[in-house]
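To start, the structure under review is shown below, and the notes come after it.
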There are 2 protein chains.
Amino acid sequence: MLNSRVAERRDILRALGEVFRAHGYEGASLTLITEATGLGKGSLYHLFPGGKQQMAEEVLADIDGWFEQNIYVPLRSAEDPARAIAAMIAGVDRYFASGDRICLVGLVALGVARDHFAGAVDSYFARWHQALVALLRKSGLTNAQAQRRSEDALLTIQGALVLARARNDSKIFRRALSDLTTRLLTPAEK
Amino acid sequence: MLNSRVAERRDILRALGEVFRAHGYEGASLTLITEATGLGKGSLYHLFPGGKQQMAEEVLADIDGWFEQNIYVPLRSAEDPARAIAAMIAGVDRYFASGDRICLVGLVALGVARDHFAGAVDSYFARWHQALVALLRKSGLTNAQAQRRSEDALLTIQGALVLARARNDSKIFRRALSDLTTRLLTPAEK
DNA sequence: GTCTATAAAGCGATAGAC
DNA sequence: GTCTATCGCTTTATAGAC
């Protein structure tokens, strides 16, 4: 029963996440949230006394948890770099629905809301970056090379999501992920 | 006197652009716009009878015009690809204040406002892409190579802006532009 | 724990004086 | 051409019945 409550809350957070994704933090009105979750304002403020700010915080924490579990942990504990990178790319492709779903953390980062969630936004990318650096070092790259290549990976994913949506062409995202895989697997030069 | 009116309007559009950049389309309230421009609501609606929608349309058109003149035209008319690429990177670095200023077109693309400005958003990137493709073909790349490399350039710039702001580190943007220059100048393989 | 009703503030937009 | 006052609506948030 405790588990069902947790599961329920997570379902609500997932629904909330899609509203924030579609309308942004300021655009996600309580009316839209009410429709998406099926919960009245009374219920919402009972579950999230901190209002919209708390909702967004928990949504970001939920997303963070998903990436921690499905991307960062496998990256850190991997033994075979090539397989780990392929798994990361596959996970990213799945999460972002091959370019049809944008990154809420990236969207928040670009808006004013970023100042309210700066810690969560930075941590999401910082931990991803560090996990990827650790993996790439195992594949023989120097620290500087691994740092730069990991940064390139994160930025490529974000840019591909922006451009795919701007041009309404998810093939852009798929091509970018494919090329990124190749770049990440290329042995270090020099 | 006609010129001064045009110049004045452009100054207003530049101020409007910064408000939209900082707060997004939905977040840019008329109160904020009033403060940023120094114009009352009456004046604003006299200048822009179409309201906020018209303001955003003209801001996007102004940005588009800036890129057309300062980036796309030089790209199309260039004779020396290496110099043209260096000039484009320099222009991009200047426009985005080395990563301290985000791309309004990219921000709009990620939000709901995208549907209202889909044409302008797509055109901005499509024309940039085409101008870059034409230039890269002059440097000996096949059409497919030029297409892919141009796409990579656009997406890298957008991603670098997102990541630099997310991590509050404009060095990320500068590094990305530097690496991008190298990639664009690398001779075609095979 | 969920609802309806409502408060208080802010929104985009308009009217009309000057 | 710019201002103030105001309209009608929506916003976040709260109160209180059930």
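The sequence lines fix the lettering, A, B, ..., with proteins before strands; numbering per chain opens at 1. These numbers were taken from a predicted model, which means no experiment stands behind them.
In terms of phosphate contacts, B/Thr31 brings a side-chain nitrogen or oxygen within less than 4.0 Å of OP1 or OP2 of C/dC11. Within the structure, every side-chain polar atom (N or O) of B/His46 is placed at least 4.0 Å from both OP1 and OP2 of D/dT2. Taking 4.0 angstrom as the limit, B/Tyr45 places a side-chain polar atom (N or O) nearer than this to OP1 or OP2 of C/dA13.
The one candidate from B/Asp152, B/Val92, B/Val162, B/Ile89 that meets the side-chain contact (heavy atoms from CB on, under 4.5 Å) condition with B/Ile157 is B/Val92.
By the side chain to side chain contact (heavy atoms under 4.5 Å, CB included) test, B/Ser43 pairs with B/Leu39, sequence neighbours left out. Partners of B/Glu35 under the salt bridge (charged side-chain N to carboxylate O under 4.0 Å, His left out) rule, at least two apart in sequence or in another chain, do not exist in this structure. Judged as a salt bridge (charged side-chain N to carboxylate O under 4.0 Å, His left out), and not counting sequence neighbours, B/Arg10 has no contacts.
Residue A/Ala15 comes nearest to A/Thr37 through the heavy atom pair CB-CG2, 4.2 Å, listed as atom of the first residue, atom of the second, then distance.
Side chains of B/Gln147 and B/Glu151: no donor on one and acceptor on the other come within 3.5 Å.
Taking the centre and axis of the six-membered ring of A/Phe48, the NZ or CZ atom of A/Arg9 falls inside the cone set by 45° and 6.0 Å.
Terminal axes of the helix from C/dG1-D/dC18 to C/dC18-D/dG1 (five pairs each, C1' rotation axis) are separated by 10°, to the nearest 10°.
Taking atom CD1 of residue B/Ile33 and atom P of nucleotide C/dG10, one finds them 17 Å apart after rounding to whole Å.
In the region residues 109-118 of chain A, proximity to DNA chain D at under 4.0 angstrom, judged on heavy atoms, holds for none of the residues.
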Just the table, please: protein N/O against nucleotides 3-7 of chain D N/O, every pair under 3.5 Å.
unit_1	atom_1	unit_2	atom_2	d
D/dC3	OP2	B/Gly40	N	2.7
D/dC3	OP2	B/Ser43	OG	3.3

